[in-house]
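Chain letters run A, B, ... following the sequence lines, proteins first and then strands; every chain starts at 1.
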Amino acid sequence: MKLMTIKEIFALEPDGRAVTVKGWVRTKRETKAAVFLEVNDGSRMGNIQCVFDEAAAAAANAELGRAGTGASVAVEGVLVASPAAGQKLEVRASSLRVIGEAPAETYPLQKKAHSFEFLREIAHLRPRTNTFGAVARVRNRMAFAIHEFYQARGFNYVHTPLITASDCEGAGAMFQVTTLDLERIAKSGQAVDYSKDFFGKPSFLTVSGQLNVETYCAALGRVYTFGPTFRAENSNTTRHLSEFWMIEPEVAFAELPDNMELAEEFLKHLVRTALKDCAEDLAFFDQRIQPGLVKSLEAVLDKPFAHMTYTEAVAILEKNADKFEVKPYWGLDLMSEHEKFLCEQIAGGPLFLTDYPKEIKSFYMKQNADGKTVRAMDLLVPRFGEIIGGSEREERLEVLEARIRELGLDEKAYSWYLDLRRFGTTPHSGFGLGFERLILYVTGMANIRDVIPFPRAPKLADF
RNA sequence: UCCCCUGUAGCUCAGCUGGCAGAGCAAGUGGCUGUUAACCACUGGGUCCCUGGUUCGAACCCGGGCGGGGGAGCCA
C-alpha cells in the first residue's frame with residue numbers, strides 16, 4: 001500500500017518531503033492568516049495538523065468550506081516541523097480534496113465531548129471518536145497478545161463449536177437455535193417435534209468451550225480457545241453481555257497452583273503489552289477516563305498476586321461484617337461487595353480466591369479431601385471483581401460420576417466427557433478470562449457495552 | 001428479574017410553590033498575526049418522550065405506556 005498512515009508519517013523526520021494525508025476531519029480552526037485542519041485516520045490516537053497559509057487557504061477556499069468535522073479528505077503538502085507547541089510535525093498543505101462531506105446539520109458527531117449514552121445510540125459512528133478509536137486499538141492489540149502468549153508457550157488454538165446440542169455445559173441460560181417455523185407451531189397448538197428440527201434435537205449457542213476443549217487437552221496437552229460465547233441471562237449490568245468473547249486455556253497434568261501461575265503470567269503479559277504498545281491510548285484513558293490508570297496497571301506488574309482460600313476470606317469478612325449489606329458466613333456465594341472489599345481493602349490488588357464450597361461451584365471441579373471444598377480459583381481485581389474463573393478438573397471417574405448423580409444431572413449426556421476419565425485420565429486445569437472484562441480493566445472504561453463494537457444485551461441487538 | 005434515578009434546542013443540562021421556553025457547547029455569519037477544548041461579537045434553532053386526567057392555566061401535579069442510566073442478582 002502506497003498511502004502512508006498518520007502513524008507512519010509521525011515516524012518520519014520533518015524534512016520537507018511531499019506527503020499525502022487521507023482521513024477524516026476532526027476539527028478545523030480558522031484565522032485570518034491560516035486555516036488549521038486536523039485529520040485523523042484511526043492509525044493512532046493523535047491527529048495530524050494540516051496548515052493552509054493565506055495563499056493555500058484562498059486556493060482551497062471552496063473545499064475548505066466543505067471540510068467540516070467528519071468529512072473525509074485528501075490533503076497534499078510537505079512534512080515540516082511545527083513552529084508552534086502541541087505537535088512536533090505538521091503538514092504544510094498545498095491542496096485539499098473533500099472526498100465525502102459530513103454536513104454539520106445532520107452529522108451527529110460534533111467537535112465536542114459526547115456522553116457514552118449518546119454514543120451508544122450511534123454505535124456505527126462512535127468508532128470515529130477518540131475514546132472508541134482507542135478502545136478498538138487496545139482491543140485489537142490484546143486479541144493478538146493473547147495468541148502471542150499461548151503460541152509462545154506451545155499451546156494449540158482449538159476451535160470449539162458455537163452450536164451445541166448438549167444442554168450440559170452448565171454455565172447459564174442458553175439461546176436456542178432452531179430452523180423450525182415457530183409461528184406455525186404456535187398457531188397449530190401442537191407440541192414441538194424436535195426430530196424435525198435442523199439437528200434432530202434441541203440445540204443451543206454455547207455458553208463455554210471448556211468441556212469441548214478438554215477433549216483436545218487430553219490429546220495435545222496445552223490448548224486454548226478464544227471465541228464468542230453466549231448467555232441468555234437477563235443481566236442488565238455494566239459487567240455482562242449476552243454475546244461476549246472468552247479465552248479458555250486448558251492444561252494437561254496441571255494442578256491448581258500451575259493454573260494460577262499461568263493465569264497470573266497471562267494477565268501480566270497482557271497488561272505489560274498494553275503499557276508498552278498502547279501507550280498513547282492508555283495515556284488518553286488515564287487523562288480522560290480513569291485517572292491513575294497507568295500507575296495502577298504498572299503496580300500490577302510489580303508484585304506477585306495475593307492468594308487466599310475461601311475459608312480464610314470468609315473469616316476476614318466475618319470480622320468486618322458490619323461493613324456489608326449481606327452478612328458473610330461460610331457457605332455463602334460471595335457478593336460483589338465482599339469480593340471488592342477483599343481485593344481493594346485487604347489485598348490492594350489482584351487476588352486469587354481458592355477452594356470454594358463445592359455447593360456453589362460447578363460439578364466438574366476437583367473435590368478436596370475435606371469433602372466440602374473444590375479446587376476452584378477466582379481472580380478478583382479492583383474496580384469490578386471477578387475477571388477469571390477456573391479450577392482443577394475432577395479427573396477421577398468414580399468421583400465425577402458420583403457428583404453428577406448427586407446433582408441429578410443426566411449421566412448419559414456426559415458420557416463423552418466421562419470417557420476422558422475412563423481412558424488415560426490425567427490431572428488437568430484451566431480457566432476462563434472474559435475478554436471484554438479484560439478490556440475494561442486495561443482501559444479503565446466503566447461499561448462493558450463500550451468495549452465491544454456492537455454490544456448484545458437484553459433488548460439490545462441494534463446495528 | 002428486583003430496586004433507584006432520568007427523559008426540555010444537534011449535544012450536556014437549568015427551569016422555584018402550576019403563570020409567555022433558558023444557558024453552555026455545537027452550527028451559521030463577521031472579526032482576529034500560528035491556532036490546537038482557539039478566541040471575540042452577532043444570528044438562527046423547540047412535538048418540553050407519548051397518552052389520558054386534574055386545573056382558568058401543565059415542561060412542572062396524577063394514572064398508563066415507551067426510552068435511557070445506575071445498583072443488585074446470575075457470571076466471564
Side-chain angles (χ1 to χ4, degrees), chain A residues 26-38 46-54 57 65 68-70 80 82-87 90 92 102-122 129-130 169-173 207-210 225-226 228-248 263 287-288 325-326 333-337 339-340 360-362 378-381 384-390 431-441 446-452 457-460 462:
Chain A
R26 282 296 176 80
T27 175
K28 180 174 61 177
R29 292 180 294 273
E30 298 176 87
T31 72
K32 194 170 190 177
V35 177
F36 301 88
L37 201 63
E38 284 203 36
N47 309 323
I48 193 160
Q49 175 168 279
C50 303
V51 187
F52 296 77
D53 64 20
E54 216 169 339
T69 299
V80 297
S82 179
Q87 60 282 314
E90 65 185 29
R92 188 184 297 149
E105 313 84 62
T106 47
Y107 183 57
L109 293 172
Q110 305 167 355
K111 55 178 209 175
K112 70 189 282 282
H114 289 289
S115 68
F116 293 151
E117 291 82 4
F118 172 67
L119 292 172
R120 270 172 224 150
E121 294 169 10
I122 48 168
T129 63
N130 285 335
E169 293 175 349
V207 293
S208 163
Q210 182 203 317
T225 71
F226 179 20
T229 308
F230 308 88
R231 305 270 167 98
E233 306 286 350
N234 193 5
S235 298
N236 291 287
T237 79
T238 54
R239 302 185 308 284
H240 292 83
L241 290 167
S242 308
E243 176 183 285
F244 63 98
W245 288 62
M246 185 155 66
I247 303 100
E248 297 176 287
Q287 194 193 333
R288 298 291 184 87
E325 260 175 56
V326 176
D333 198 356
L334 301 184
M335 304 282 123
S336 266
E337 54 174 341
E339 294 183 342
K340 282 181 190 166
I360 60 175
K361 288 291 180 185
S362 298
D378 283 0
L379 180 63
L380 313 178
V381 295
F384 60 83
E386 184 179 346
I387 193 169
I388 282 175
F431 60 83
L433 168 69
F435 187 52
E436 285 74 18
R437 288 188 180 178
L438 169 78
I439 306 301
L440 284 179
Y441 187 59
N447 193 320
I448 201 162
R449 297 175 186 197
D450 295 332
V451 296
I452 188 168
K459 303 280 186 296
L460 181 67
D462 301 329

When all nucleic acid strands are considered with a 4.0 Å heavy-atom cut-off, which category describes A:Q49: base, sugar-phosphate, or nothing? base

First encountered from the 5' end of RNA chain B, between A:R288 and A:M246: A:R288

Please report the distance separating the C1' of B:U8 from the corresponding atom of B:A59, rounded so that it comes out in whole Å. 7 Å

Distance check, rounded to the nearest 0.5 Å: A:M246 atom CE versus A:R231 atom CZ? 5.0 Å

If only atom types and distance count, is the side chain of A:R437 paired as donor or acceptor with the main-chain N or O of A:R239 below 3.5 Å? yes

Among B:A76, B:C11, B:U35, the one nearest A:E386 by side-chain distance: B:A76

Strictly distance-based, threshold 3.5 Å: is any side-chain N or O of A:T238 a donor or acceptor partner for the main-chain N or O of A:I448? no

Can you tell me how far C1' of B:A27 sits from CD of A:Q110, to the nearest Å? 8 Å

Worked verdict on A:F244 versus A:F435 for side-chain contact (heavy atoms from CB on, under 4.5 Å): CA-CA 7 Å; A:F244 63 98; A:F435 187 52; over 6 Å; no

Gap in Å between the two P atoms, one belonging to B:G68 and one to B:G53, rounded: 28 Å

Result for 5'-nearest mapping on RNA chain B, choosing between A:E30 and A:R92, is A:R92

Side chains of A:Q210 and A:S362, heavy atoms from C-beta outward: is any pair under 4.5 Å? no

Any side-chain heavy atom of A:L241 within less than 4.5 Å of one from A:R449? yes

Which value, in whole Å, describes the distance between the P atoms of nucleotides B:U33 and B:C20? 45 Å

Which part of the nucleic acid, if any, lies within contact of A:F118, taking any heavy atom under 4.0 Å across all strands shown: a base, the sugar-phosphate backbone alone, or nothing? sugar-phosphate

Take atom CZ of A:R29 and atom P of B:A26, then tell me their distance rounded to the nearest Å. 12 Å

Could you check if a side-chain atom of A:I360 sits within less than 4.5 angstrom of a side-chain atom of A:L334, using non-hydrogen atoms only? no

Kindly say if A:K112 contacts the phosphate of B:C25, meaning a side-chain N or O under 4.0 Å from OP1 or OP2. no

Donor-acceptor pair, distance only, cut-off 3.5 Å: does the side chain of A:E233 make one with the backbone of A:A173? yes

Tell me whether the side-chain N/O atoms of A:S115 come closer than 4.0 Å to OP1 or OP2 in B:U12. yes

Any chance you could encode RNA chain B as dot-bracket? Rule is Watson-Crick or G-U wobble with both distances under 3.5 Å; [ ] for pairs crossing earlier ones, | for another strand. (((((((..((((.....[..)))).(((((.......))))).....(((((..]....))))))))))))....

Scan A:A104 against the nucleic acid and name what it touches under 4.0 Å (heavy atoms): base, sugar-phosphate only, or nothing. sugar-phosphate

What integer number of Å spans the P atoms of B:C32 and B:A37? 23 Å

Mind checking A:I388 for me? I need base, sugar-phosphate or nothing, with any heavy atom below 4.0 Å counting as a touch. sugar-phosphate

Protein-to-nucleotide contact annotation, 5' to 3' order, nucleotides 65-73 of chain B [B base; S sugar-phosphate only; - none; under 4.0 Å, heavy atom]: ----SSBBB

Atom CD1 of A:I452 and atom P of B:A76 are separated, to the nearest Å, by 17 Å

Mark yes or no for a side-chain to base donor-acceptor pair under 3.5 Å between A:R437 and B:C75, with no hydrogen or angle criteria applied. yes

Looking for any heavy atom pair under 4.0 Å, which part of the strands does A:I387 touch: base, sugar-phosphate only, or nothing? sugar-phosphate

Provide, to the nearest angstrom, the distance between the CG atom belonging to A:N47 and the P atom belonging to B:A37. 11 Å

Just checking A:R120: does its CZ atom have more than 12 heavy atoms from other residues, nucleotides or ligands closer to it than 6.0 angstrom? yes

Got A:E30 and A:V35 here, is their nearest side-chain heavy-atom distance under 4.5 Å? yes

Answer yes or no: is there a side-chain heavy-atom contact under 4.5 Å between A:T129 and A:H114? no

What distance, rounded to whole Å, do you find between the two C1' atoms, one in B:A41 and one in B:U6? 37 Å

Do A:E337 side-chain atoms and A:E325 backbone N/O form a donor-acceptor pair below 3.5 Å? yes

When the distance from CG of A:L37 to C1' of B:G34 is rounded to whole Å, what number comes out? 15 Å

Using atom C1' in both nucleotides, what's the gap between B:C49 and B:G69 to the nearest angstrom? 16 Å

Select base, sugar-phosphate, or nothing to describe what A:E54 touches, counting heavy atoms under 4.0 Å on all strands. nothing

What's the gap between B:C16 and B:G28 when it is taken at their P atoms, as a whole Å value? 34 Å

Could you check which of B:U35, B:A27, B:U33 has an atom nearest any side-chain atom of A:K32? B:U33

What's the gap between B:G57 and B:G19 when it is taken at their P atoms, as a whole Å value? 14 Å

Verify stack between A:F244 ring and B:A76 base, 5.5 Å, 30 degrees: yes

Tell me whether the OP1 or OP2 atom of B:G34 has a side-chain N or O from A:T31 closer than 4.0 Å. yes

How long is the line joining NZ of A:K28 and C1' of B:U35, in whole Å? 14 Å

Measure the distance from CH2 on A:W245 to C1' on B:A76 and round it to the nearest whole Å. 15 Å

Have a look at A:D333 and say if it touches a base, only the backbone sugar-phosphate, or nothing, with a 4.0 Å heavy-atom cut-off. sugar-phosphate

Could you tell me the separation between the CD1 atom of A:I360 and the C1' atom of B:C75, rounded to a whole number of Å? 13 Å

